[in-house]
Amino acid sequence: IAFAAAPASASLVARIASLDSLPADLEAVLAQGARASRFSGKSGQFFEGFVERAGAVVRVALAGIGDKADAGRRASIEKAGAALTARYLASGESEMVIDLAGSGLDATEAAALLLGVKLRGSGSENQLGSNGRLRPESSLLISAPISRPILSACIIVISPSRRRVP
């Protein structure tokens, strides 16, 4: 784990949203698109859209984590991390930035998200590409201005193990 700021050149950015709460700094077109498609931040919900940032097209994904008062919130957050990994990194994307700004996650919840990412990213089904060769390393950047200064931003590189699973 290393500490860094989110790169401006990111082409895939994932955001986390609680029930009925979109990130405040989300572009208006994405917020309107999410509402039009009935995305409300329920656990397991996804919304994806594209925006222009600094002259480049950026794919933005929203992952719902449910109600803050839900007893199963940590499990929902872990599932969101796993789902983001399965949907993007395990399907061919080489890099994904998860921007936790405005998510309201505390350090324990951020750890649950990372646990889901790691567990889903290390599964044997992700180790080999369709040609039977190991996939190149995928990188995941977590941009996390969480209330605790030690978790301001961290880069995690998820690399598949170098062994074949029978």
Side-chain angles (χ1 to χ4, degrees), residues 1-70 72-118 120-121 138-158:
I1 297 175
F3 293 90
S9 62
S11 62
L12 171 59
V13 177
R15 304 290 303 267
I16 306 301
S18 293
L19 184 64
D20 298 325
S21 176
L22 294 176
D25 62 343
L26 192 65
E27 287 91 343
V29 69
L30 287 173
Q32 289 175 356
R35 285 187 207 101
S37 66
R38 298 181 186 204
F39 177 86
S40 62
K42 290 180 187 173
S43 179
Q45 274 190 319
F46 269 91
F47 173 77
E48 179 180 75
F50 294 86
V51 293
E52 182 271 329
R53 292 182 182 167
V57 175
V58 178
R59 181 187 220 176
V60 179
L62 293 175
I65 55 173
D67 192 354
K68 291 179 183 181
D70 186 12
R73 180 162 169 91
R74 283 196 195 146
S76 293
I77 294 169
E78 186 178 319
K79 288 177 188 177
L84 285 168
T85 301
R87 188 173 192 126
Y88 298 110
L89 294 182
S91 66
E93 289 285 345
S94 61
E95 181 178 80
M96 175 174 57
V97 173
I98 299 180
D99 184 353
L100 298 181
S103 67
L105 297 183
D106 63 24
T108 305
E109 292 170 332
L113 181 78
L114 297 178
L115 177 62
V117 166
K118 181 61 180 168
R120 184 63 175 98
S138 297
S139 65
L140 172 67
L141 172 73
I142 307 293
S143 175
I146 297 176
S147 58
R148 297 182 185 192
I150 202 163
L151 288 175
S152 64
C154 62
I155 296 177
I156 297 173
V157 177
I158 300 170

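A quick note: this is a predicted structure, and the numbers were derived from the prediction, not measured. Each residue takes its place number in the sequence, starting with 1.
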Is a side-chain N or O of [X] found less than 3.5 angstrom from the main chain of [Y], in a donor-acceptor match?
X	Y	result
Glu78	Leu115	no
Gln32	Val29	no
Ser103	Asp99	no
Gln45	Arg38	yes

Q: Evaluate the criterion side-chain contact (heavy atoms from CB on, under 4.5 Å) for residue pair Val57 and Ser11; output intermediate values, then yes/no.
A: CA-CA 7 Å; Val57 175; Ser11 62; over 6 Å; no
Within this structure, what is the [atom1]-[atom2] distance for the pair [X] and [Y], rounded to the nearest 0.5 Å?
X	Y	atom1	atom2	value
Thr85	Lys118	OG1	NZ	10.0 Å
Ile77	Leu113	CD1	CG	7.5 Å
Ser37	Glu48	OG	CD	11.0 Å

Closest approach of [X] to [Y] (non-hydrogen atoms, all atoms of both residues):
X	Y	result
Ser18	Lys68	OG-CE, 3.7 Å
Tyr88	Ala61	OH-CB, 3.4 Å
Glu109	Gly104	OE1-O, 3.8 Å
Phe46	Ala63	CE2-CB, 3.9 Å

**Q.** Set of salt bridge (Lys or Arg N to Asp or Glu O under 4.0 Å) partners for Arg53, sequence neighbours left out
**A.**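 In terms of salt bridge (Lys or Arg N to Asp or Glu O under 4.0 Å), with neighbours along the sequence ignored, Arg53 is linked to Glu27.
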Q: Sequence neighbours left out, what passes salt bridge (Lys or Arg N to Asp or Glu O under 4.0 Å) with Asp20? Give chain and number order.
A: none
Would you check if [X] and [Y] make a side-chain contact, meaning some heavy-atom pair closer than 4.5 Å?
X	Y	answer
Leu100	Ile16	yes
Leu22	Arg15	no
Leu62	Leu26	yes
Leu105	Arg73	yes

Q.
A quick test of your reading: do over 12 heavy atoms of other residues, nucleotides or ligands sit less than 6.0 Å from CZ of Arg59?
A.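 More than 12 within 6.0 Å, yes.
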Q.
Looking at Lys42 and Asp70, is there a salt bridge between them, counting it only when a charged N and a carboxylate O are closer than 4.0 Å?
A. no
